**Q** 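Have a look at this one before I ask anything.
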Protein chains: 2
Amino acid sequence: MELSERKQKILAAIVETYIRTGEPVGSKSLMDVLPMKVSSATIRNDMAELVSLGLLEQPHTSAGRVPSHAGYRYYIDHLMGARELDADSRRKIEAAIGDGGDPEELLSKAGEALADLTNCAAVSTTPTGESARIRRIEMVPVGTRTAMLVLLTSGGLLKSRICRSDTVINVPLLERFYNVTSTQLVGKPLADVHTTAMQTLAASLGADAFSLLPFLAGVAELARDAAQTDIRLDGQSNLLGYRELEENAYELMEFLRNGEPLNALISNNRDDVQVLIGKENKYRQLERSSLILARYSVGGEESGTLGVIGPTRLDYAKLIPSVRYLTDLVGRLLTRSVRDEE
Amino acid sequence: MELSERKQKILAAIVETYIRTGEPVGSKSLMDVLPMKVSSATIRNDMAELVSLGLLEQPHTSAGRVPSHAGYRYYIDHLMGARELDADSRRKIEAAIGDGGDPEELLSKAGEALADLTNCAAVSTTPTGESARIRRIEMVPVGTRTAMLVLLTSGGLLKSRICRSDTVINVPLLERFYNVTSTQLVGKPLADVHTTAMQTLAASLGADAFSLLPFLAGVAELARDAAQTDIRLDGQSNLLGYRELEENAYELMEFLRNGEPLNALISNNRDDVQVLIGKENKYRQLERSSLILARYSVGGEESGTLGVIGPTRLDYAKLIPSVRYLTDLVGRLLTRSVRDEE
DNA sequence: AGTTAGCACTCGGGCGGAAAGAGTGCTAAC
DNA sequence: GTTAGCACTCTTTCCGCCCGAGTGCTAACT
């Protein structure tokens, strides 16, 4: 779609002021904003054409114009320029994240930082465990019948839980546990270490089966936890500050809290940075919202997603670089920590 | 304050229908609800007195009556009866909680269950670490320069983190670490194991100081994490469903998210079950909300808090027993798990 | 003395029309 | 192709009105 330079400038100006104010933009107020000197009538003519091209909409005849989804899209693809993130925001992000720590902590910091920075809700998923393997299993007795199990994955994820059994825990039991786990479990993909597999494994152990089973089952649960990519949501309350989301606030919150559809959206995302604007989304609850999603990769492999959710009038020019920068950073930190640990 | 039996019945009926409907209650509609046969005029006379006693309020002259804070209070103290929680809710709670697991998991389940059951926001704090001691410290190498630290407290709390250092981790280093920690740290109160204490400890180790310091610092951080009672909030979005909270929704959410004032409120609570109604609260943001807070004890010691936050027109008669039941349950489970592990 | 019927009164909510304001679309001139 | 001018449209706001719900009071009743 070809647009004259003036039309482009007008579209950009409308998008930007609408993002700023949330009010429909009229031809007169545009005169002050545009770099060139043209009358409001000229602007009106152009706006009328932009409407018929589907790039703008008017809420009603006598109101100003508002960008349509296609308008935002055009703005993002052609007009906004691929700005670098400003140094200030970069510093803020880095300060908020520090040097990471373990993956879950890192992601939670990243989510909070993103929510704060953008004044939107932030989604984040932990690195996928799909291809992860068990790197290490530890069992530490903490009572006569209670032990702590710790699982470390090849992705650097750390999971632990307390596990109770009916038999007394003693040194031979521990030894048998280490024998079994180090020969049978360490190195296996997480997905293979499920509860039924543990039952067959225990069955093959003869006399030890009874005493080891609870702990093997515990390992299976840890593996399940670790394999599951869980999805975090930060700064939902930020969304309440936007007038245009107010009336569906409750619905929107519930939708986000539920997580499943969000998960579907996220795992659909195969692009570098994906922008979903309003009704482009198939979920009714999101029709007044936009999403910016980006994947981060750990060790060269696409692995998880970070993103923001806000009203359609997001400051795309700033947020897209923000999200991209953050995913890069998270990916780098996670990759580094995985490398370190090998 | 003495009230005639009829006035009591009227007050109770007003509180209960107002809780149900959220609309001011008029004298005529009360006729149908009240067990005795009286005319609306009589009811009006009584209502007028209840107003002058400060137990009811009228939003405006020509509206029905609404319970005042004092009215709710009177209802709670004298009229609602100390109902037991119905078996159905009890079953729901128990099903949601299962048999617990580690304290943090237990509390998060409890919070979710409470939020679901009450359709309000639920607050919960992890058991206080004030008096807790370090029961156990483990260090598991997971890379040449990276190790996992695990800390277990006498309260059954389990904390772990990944810790990086500049020196290569080898067996002698591990031995030194275990030496130091088991003689110097295990058994100490969490509060004593802070970063500066670790620095002096490391300094006293001479040549080992450099290599051990990062890990001792890691232990200090774990101890800090474990000592800190963190505060969870579940089901905030439930609050959006209440008309009377709608207009301050954003403020309220932010207030809750911040956590500090909430923390102050919670730690003030020394009663068995404390009910704070609307403006009894000193926080402006909560003036349209009520809180029901109750403490749970672990091993006979008051230790943490669970509670709900909702509009002033809470169903106190149901929620107070719910909260009490849940705190009892949580206390029992936590006490049991601490006992088990000793 | 307490209860009831009756009635005038008050106040908020809803409806409608008028006025204001913002912005457009069109036409005619530049 | 651009601009000035103007009539037109549509929303928002305000005001006045009426309606209904509910009250408070008085006077009568038990």
Side-chain angles (χ1 to χ4, degrees), chain A residues 2-11 13-18 20-68 71 243-244 246-247, chain B residues 2-11 13-18 20-68 71 243-244 246-247:
Chain A
E2 288 281 311
L3 288 188
S4 76
E5 188 178 329
R6 194 179 59 209
K7 291 214 188 77
Q8 295 195 353
K9 291 234 170 78
I10 288 175
L11 178 55
I14 290 178
V15 171
E16 279 156 19
T17 61
Y18 182 67
R20 202 157 32 77
T21 65
E23 304 279 317
V25 184
S27 53
K28 276 181 198 150
S29 62
L30 271 182
M31 286 201 295
D32 309 332
V33 182
L34 283 174
M36 61 272 238
K37 261 199 128 39
V38 279
S39 75
S40 66
T42 313
I43 297 175
R44 273 203 295 283
N45 289 333
D46 284 355
M47 292 203 297
E49 284 188 53
L50 289 170
V51 168
S52 66
L53 286 171
L55 298 171
L56 293 179
E57 284 170 350
Q58 36 189 340
H60 32 264
T61 330
S62 74
R65 305 307 210 286
V66 163
S68 70
R243 284 194 297 299
E244 58 265 57
E246 217 161 54
E247 50 181 318
Chain B
E2 289 281 313
L3 288 188
S4 76
E5 190 178 329
R6 194 179 59 211
K7 291 213 187 77
Q8 294 194 355
K9 290 232 170 79
I10 289 175
L11 178 56
I14 290 178
V15 170
E16 278 156 21
T17 62
Y18 183 67
R20 202 158 31 77
T21 65
E23 304 279 317
V25 185
S27 53
K28 275 181 197 150
S29 63
L30 271 182
M31 285 201 296
D32 308 332
V33 182
L34 284 174
M36 62 272 243
K37 261 199 128 40
V38 278
S39 76
S40 65
T42 314
I43 297 176
R44 273 203 296 284
N45 289 333
D46 284 356
M47 291 204 297
E49 285 189 54
L50 288 170
V51 168
S52 66
L53 286 171
L55 296 171
L56 294 179
E57 284 169 351
Q58 35 190 342
H60 27 264
T61 330
S62 73
R65 305 307 211 286
V66 162
S68 69
R243 284 193 296 299
E244 57 265 58
E246 219 161 51
E247 50 181 317

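Hydrogens, waters and symmetry mates play no part in the numbers below; they use all other heavy atoms, side chains included. As the structure is a computational prediction, the values presented were derived from the model and not from experiment. Chain letters run A, B, ... following the sequence lines, proteins first, then strands; residues in each count from 1.
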**Q** Take B:N45 and A:S29, find for each the nucleotide of DNA chain C with the closest heavy atom, and name the residue whose nucleotide sits nearer the 5' end.
**A** B:N45

**Q** Going by purine N1 to pyrimidine N3 plus the second Watson-Crick contact, or the G-U wobble pair, all under 3.5 Å, which nucleotide sits opposite D:dT3?
**A** C:dA28

**Q** So what does B:A63 hit on the nucleic acid, given a heavy-atom distance under 4.0 Å: a base, only sugar-phosphate, or nothing?
**A** sugar-phosphate

**Q** In whole angstrom, what separates A:E57's CD from D:dC10's P?
**A** 17 Å

**Q** Judged by each residue's nearest nucleotide on DNA chain C, which is more toward the 5′ side, B:H60 or B:D46?
**A** B:D46

**Q** Taking only side-chain nitrogens and oxygens of B:R65, does any of them come within less than 4.0 Å of OP1 or OP2 of D:dG24?
**A** yes

**Q** Side chains of A:D46 and A:R6: does their closest heavy-atom pair fall under 4.5 Å?
**A** yes

**Q** Whole-Å distance between D:dA4 C1' and A:K28 NZ?
**A** 12 Å

**Q** If you take atom types as modelled and just measure distance, does the side chain of A:T61 reach the base of D:dC10 with a donor-acceptor pair under 3.5 Å?
**A** no

**Q** Would you please confirm or rule out a distance under 4.0 Å between OP1 or OP2 of C:dG12 and any side-chain N or O of B:S62?
**A** no

**Q** In Å and rounded to the nearest 0.5 Å, what is the CD to NZ distance from B:E16 to B:K9?
**A** 12.0 Å

**Q** In whole angstrom, give the distance that lies between atom CD1 of B:I43 and atom C1' of C:dA5.
**A** 14 Å

**Q** To the nearest angstrom, how far is B:M31 atom CE from C:dT3 atom P?
**A** 15 Å

**Q** Could you check whether any side-chain heavy atom of A:L55 comes within less than 4.5 Å of a side-chain heavy atom of A:I14, counting everything from C-beta outward?
**A** no

**Q** With a 4.0 Å limit, can you tell me whether A:R44 has a side-chain N or O closer than that to the phosphate oxygens OP1/OP2 of C:dC26?
**A** no

**Q** Under 4.0 Å from OP1 or OP2 of D:dT23: is there any side-chain N or O of B:S27 that close?
**A** yes

**Q** Atom CG of A:L56 to atom P of C:dT24: distance rounded to whole Å?
**A** 10 Å

**Q** In whole angstrom, what separates B:L34's CG from C:dT4's P?
**A** 12 Å

**Q** Under 4.0 Å between a side-chain N or O of A:Q58 and OP1 or OP2 of C:dG25?
**A** yes

**Q** Would you mind reading off the distance between A:E49 atom CD and D:dG1 atom C1', rounded to a whole angstrom?
**A** 12 Å

**Q** Is there a side chain to side chain contact (heavy atoms under 4.5 Å, CB included) between A:T42 and A:S39 once you walk through the steps?
**A** CA-CA 5 Å; A:T42 313; A:S39 75; 3.1 Å; yes

**Q** Between A:M47 (CE) and C:dG23 (C1'), how many Å, whole number?
**A** 8 Å

**Q** Return the NZ to CG distance between B:K7 and B:L53, rounded to the nearest 0.5 Å.
**A** 7.5 Å

**Q** Can a side chain N or O of B:S39 be found less than 4.0 Å away from OP1 or OP2 on C:dT4?
**A** yes

